[in-house]
Amino acid sequence: MPKFVDRQGRTKYRFTFGPWNIHEGADPFGPPVRKSFKFDQKIKMLKDLGFDGMQFHDDDAVPDLDGKSPAQIEKAAKAMKRKLDNAGIVAEFVAPRLWETPRGIDGSYTSNSAADRRYALERSKKAIDIARLIGTRDIVLWLAREGTYVREAKNAIEAYRKQVDAINQLLDYDKGIRILIEPKPNEPMDHAYVPTMGHAVAISYMTIDPSRVGANMESAHSILAGLDPSDEMAFALSVGKLWSVHLNDQNGPKFDQDRAFGMVNLRRAYNQVRVLELGGYGRDGNMVGLDVKAMRPQKKAVSTKHLAHSREMFLWLLDKVRTIDTKAESALIAARDYEALDRLVMRHLMTGSLPNKV
Ligand code: XLS
Ligand code: MG
C-alpha cells in the first residue's frame with residue numbers, strides 16, 4: 001500500500017523548495033535588491049507557506065563546508081537535523097554545490113585538471129555524508145559546469161566516461177544513496193554534456209547500479225532544451241526514474257527564468273500535473289519541488305508569494321486533472337476527433353470554479 005495517499009486512494013502530494021528560492025534578487029546585471037531572510041526564518045516560512053520539506057545544497061546545510069573538518073561537518077549537520085525535526089520538516093535531497101568554487105572553474109567531474117576532479121569527488125562525498133546526517137538518501141547532481149564554452153576545450157567522449165566514473169564512485173561510497181541527475185542544456189556553460197532527460201536516463205544505465213540513478217526534471221531546463229517538460233517527465237516515469245521534480249515556468253528558450261509554476265503557459269503546466277498524476281508520482285514518497293524565483297522588482301515582504309502561488313497553481317491544476325470529463329475524453333479519442341479533444345481540455349481549463357483553500 002503506497003504511503004502517501006488519502007482515504008479515496010488519491011495521491012497526497014508533498015511540496016518542497018530550497019533556501020535559494022527565497023532570495024535577494026541579484027542577477028548577472030545588478031546587485032541584490034532585497035535584504036536577506038535568515039535561514040531560521042525560511043524554515044518557519046516553509047511551513048506557513050504550506051510546504052513539507054526543504055531541499056539543500058550541501059553548504060546550505062553546512063555553511064563554509066570546505067573549511068570544516070569531518071567532525072565539524074558532522075556537528076553542523078546534526079544541528080541542522082534537530083532544527084528540521086523541531087520544525088516538522090523533512091530534507092528532500094542534498095546537492096553538492098560544485099560550481100561556485102575556483103576549483104570548479106573548468107568543470108568538476110569533467111575538469112581538465114585532475115586535482116579539481118579529485119576535489120569534486122571529495123566534495124560530493126561530503127554532500128553524501130551530510131545527506132545521511134540530515135535524513136535523506138537522495139543526492140541531486142545539477143552538473144552545472146560539466147561542458148564547455150569551446151567544444152575543442154575538452155574531449156566530450158572522455159567527459160561522459162568521467163561523469164559515469166564519478167557517479168560510480170559515489171554509488172560505491174554509500175550503497176544506500178540514490179543519485180538524481182538534473183539535466184540542463186546550457187547556462188552557465190554554453191554546451192552542457194547532460195542537456196536532456198534522455199541523456200540522464202542513458203547515463204543511469206551506464207553506471208554500476210542503474211536502480212540507484214534517476215533524475216530530477218526541471219521545467220525551465222526542458223523548455224530551454226526546446227522540449228516539453230511533461231514529455232521529459234513521461235520518459236523518466238516510463239522507466240521508473242523520476243524521483244524529484246523542479247517545477248517552474250519559462251518564457252521560451254532565453255535564460256533560466258525560474259518563473260512561478262504555471263504563470264507563463266497554463267496548458268503546459270496542466271500537462272505536467274497530469275503526467276505526474278498518470279504516473280502515480282509521489283505515492284511512494286517522492287516530493288514535488290518548486291524551483292522558482294521571485295521576480296526582481298518584488299519587495300522583501302512579498303518575496304515568498306511565488307512559492308505559495310506555485311503550490312496553489314499545482315493544486316488548482318490537480319483539481320482540473322481530477323475533474324475533467326474522462327468519458328467525454330475517451331469518446332473523442334475513440335472517434336479520433338482530436339480537434340474536439342483540444343477544445344474539451346481548453347474549455348475545462350477556462351470554466352468552472354476552483355477550490356478556495358488548497
Ligand atoms: C539551476 C538549478 C539548481 C538546482 C539545484 O539551474 O535548477 O537550482 O536545481 O542545484
Ligand atoms: Mg533546479
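When reading the values below, keep in mind they use all heavy atoms of this one structure, side chains included, and skip hydrogens, waters and symmetry mates. Fair warning: this is a prediction, and the values are worked out from it, not measured in the lab. Whatever order the structure lists them in is the order used to number ligands and atoms, beginning at 1.
Between F93 and F56, the ring center distance fails the sub-6.0 Å criterion.
Between R268 and S230, the closest side-chain pair of non-hydrogen atoms is not below 4.5 Å.
Judged by distance alone, with hydrogens and angles left aside, the side-chain atoms of S36 form no donor-acceptor pair with the main-chain N or O of K38 at under 3.5 Å. Judged by distance alone, with hydrogens and angles left aside, the side-chain atoms of Q257 form a donor-acceptor pair with the main-chain N or O of N251 at under 3.5 Å.
In this structure, the salt bridge (Lys or Arg N to Asp or Glu O under 4.0 Å) partners of D66, at least two apart in sequence or on a different chain, are R103, R123.
F4 carries R14 over the face of its six-membered ring, with the cationic atom under 6.0 Å from the centre and within 45° of the normal. Relative to the six-membered ring of Y270, K320 misses at least one condition, a distance below 6.0 Å or an angle of at most 45° to the axis.
Within the structure, every pair that satisfies the ring pair (Phe, Tyr, Trp, His ring centres under 6.0 Å) test and touches residues 306-337, not counting sequence neighbours, is listed here: Y13-F314, F15-F314.
Panel detail: the Mg ion (ligand 2) has protein N, O or S atoms under 2.8 Å away, 4 in number.
The protein residues lying under 4.0 angstrom from ligand 1, judged by non-hydrogen atoms, are W20, H57, W99, W142, E182, K184, E218, H221, H246, D256, D291.
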Inset, instruction - Using the side chain to side chain contact (heavy atoms under 4.5 Å, CB included) rule, take L242 and F235 through it: C-alpha gap first, then chi angles, then the decisive distance, then the call. - result: CA-CA 9 Å; L242 191 68; F235 179 52; over 6 Å; no
